[in-house]
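What follows is a set of notes on a single structure, which appears directly below.
All values below were derived from every heavy atom in this structure, side-chain atoms included, with hydrogens, water molecules and symmetry-related copies excluded.
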Amino acid sequence: MAKSMHLLWGSGSAPCWRLMITLEEKKLQGYQQKLLSFEKMEHKSKEVLEINPRGQLPTFKHGENIINESVGACLYLENQFKSQGNKLIPDSPAEQALMYQRMMEGLSFLEKMEFFVFYDFYAPEGERHDSALKRHKDNLVTELKLWESYLENVAADRYLAGGFSLADVVFFPSIACTFAYGLSPERYPKLAKYYNLLKDRPSIKATWPPKWFQFEQRSESLKEI
């Protein structure tokens, strides 16, 4: 079944990584894949645009079905292969509700992190302002503190919504990215504990990005947050 799947992806992309984790969790190894370069603008190539007119990664096909939005693709795989691999949506209504809530909040977390880390990329040179950068920094700090409170009771086998679920699939790549960009584990100990609990999970280790940084100077950009 996995041989009918085709993934175009970029290294260091949290959306790409969450989809690859899901494929591992559902025991769908052996899919066709191709690593593209953001630096070379390969995500804007004809090969990508024919599948994804937005020119974004990941692009994902299962047979003739195209699902390019990573969370949608993760949900699709869980629903199509419920009895295969690890269950990623809990049965309990309470845990399921919490899973969907944290999964969607995880998208907001990534957005706030990227607005600060990649401010120079998103804002053209003539439109950059110190006040805007400070606002993005303050928004990120508020977001980090919120997730610290969410993870008050995190422990082995008890993650964002009970057991490991799509909430963790969506959120973990984003928090891993923040630590790759220099986030202090001393200032955010609960996030660090969560990161350390999950970083050696087989599906995460098997799909760990071969590189993180589009620009080397970004590697310390969260050191003082």
Side-chain angles (χ1 to χ4, degrees), residues 1-38 42-43 48 51-52 56-63 65 67-90 99 102-103 106-107 109-110 113 151 154-181 183 185 191-214 219:
M1 185 62 70
K3 291 181 179 179
S4 64
M5 298 177 181
H6 187 201
L7 173 67
L8 302 176
W9 63 287
S11 183
S13 160
C16 292
W17 194 7
R18 65 175 69 121
L19 177 51
M20 296 171 81
I21 292 171
T22 302
L23 287 161
E24 287 289 322
E25 290 285 337
K26 301 311 292 182
K27 306 301 180 188
L28 293 167
Q29 298 92 343
Y31 55 90
Q32 301 176 65
Q33 59 170 293
K34 185 176 181 181
L35 174 60
L36 301 181
S37 168
F38 289 113
E42 290 178 344
H43 56 300
V48 173
I51 305 170
N52 187 348
Q56 298 172 340
L57 299 177
T59 66
F60 180 71
K61 288 184 69 175
H62 175 208
N65 299 326
I67 319 99
N68 293 320
E69 290 297 325
S70 61
V71 173
C74 293
L75 288 165
Y76 171 85
L77 290 170
E78 173 61 17
N79 282 299
Q80 291 298 310
F81 301 96
K82 288 181 180 179
S83 61
Q84 183 168 320
N86 295 317
K87 188 180 183 66
L88 297 176
I89 298 179
M99 184 213 75
R102 295 290 181 261
M103 183 173 69
L107 302 180
F109 176 92
L110 179 61
M113 187 270 290
L151 291 165
V154 68
D157 298 323
R158 300 295 297 177
Y159 303 110
L160 290 178
F164 186 85
S165 71
L166 282 179
D168 303 290
V169 170
V170 169
F171 181 64
F172 179 82
S174 300
I175 197 58
C177 191
T178 64
F179 284 112
Y181 285 128
L183 188 71
L191 283 166
K193 180 181 179 182
Y194 174 80
Y195 169 79
N196 287 321
L197 279 171
L198 282 177
K199 66 182 177 64
D200 291 325
R201 187 176 177 88
S203 63
I204 289 172
K205 288 185 71 174
T207 54
W208 200 274
K211 72 177 185 64
W212 278 102
F213 310 114
Q214 290 185 338
S219 62

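Two residues are said to be in side-chain contact when any heavy atoms from C-beta on lie closer than 4.5 Å; Leu75 and Thr22 fail this criterion. Taking 4.5 Å as the limit, every side-chain heavy atom of Pro58 sits out of range of all side-chain heavy atoms of Arg18. No side-chain heavy atom of Phe164 sits less than 4.5 Å from a side-chain heavy atom of Asn86. At least one side-chain heavy atom of Met103 sits less than 4.5 Å from a side-chain heavy atom of Val71. With contacts defined as side-chain heavy-atom distances shorter than 4.5 Å, the pair Ile204/Trp208 qualifies. When side chains are defined from C-beta on, Glu25 does not count as touching Phe81, because their heavy atoms never get closer than 4.5 Å.
Taking Gln56 as the reference, Asn52, Arg54, Glu69 meet the side chain to side chain contact (heavy atoms under 4.5 Å, CB included) condition, with sequence neighbours excluded.
In this structure, Val48 and His43 approach most closely via the heavy-atom pair CG1-O, 3.3 Å. Contact detail for Leu77 and Lys26: the closest heavy-atom pair is O-CE, 4.3 Å. Contact record, Thr178 with Met113: CG2-CG, 3.7 Å, taken as the closest heavy-atom pair. Here the closest non-hydrogen pair linking Leu28 and Ala2 is O-CB, 3.4 Å. Between Ser203 and Glu24, the closest heavy-atom pair is CB-CB, 3.6 Å. Of all the heavy atoms in Pro209 and Gly12, the pair that sits closest is CB-N, 3.7 Å.
Taken from CG in Leu57 to NZ in Lys34, the straight-line distance is 11.0 Å, to the nearest 0.5 Å. Atom CD1 of Ile175 sits about 4.0 Å away from atom CG of Leu191, to the nearest 0.5 Å. Atom CG of Leu166 and atom NZ of Lys87 lie 10.5 Å apart (nearest 0.5 Å). Distance OG1/Thr207 to CG/Leu23: 9.5 Å, rounded to 0.5 Å. With rounding to the nearest 0.5 angstrom, the SG atom of Cys177 is 7.0 Å from the CG atom of Leu110. Between the CG atom of Leu19 and the OG atom of Ser13 there is a distance of 9.5 Å, given to the nearest 0.5 Å.
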query = When you look at Met5 and Gln33, which way does the side-chain contact (heavy atoms from CB on, under 4.5 Å) test go after all the steps?
reply = CA-CA 8 Å; Met5 298 177 181; Gln33 59 170 293; over 6 Å; no
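Applying the salt bridge (charged side-chain N to carboxylate O under 4.0 Å, His left out) definition to pairs two or more places apart or across chains, none involves residues 164-175.
Using cut-offs of 30° and 60° for the angle between ring planes, the His62 and Tyr76 rings count as perpendicular.
For Trp9 (side chain) and Trp17 (main-chain N/O), no donor-acceptor pair under 3.5 Å exists by modelled atom type. Side chain of Asn68 to main chain of Phe60: a donor-acceptor pair is present (N/O by atom type, distance under 3.5 Å, no hydrogens or angles). The closest donor-acceptor contact from the side chain of Gln32 to the backbone of Ser4 lies at 3.5 Å or more, if one exists at all.
For an aromatic pair to be called close, the ring centres must be under 6.0 Å apart, and Tyr159 with Phe172 fails this.
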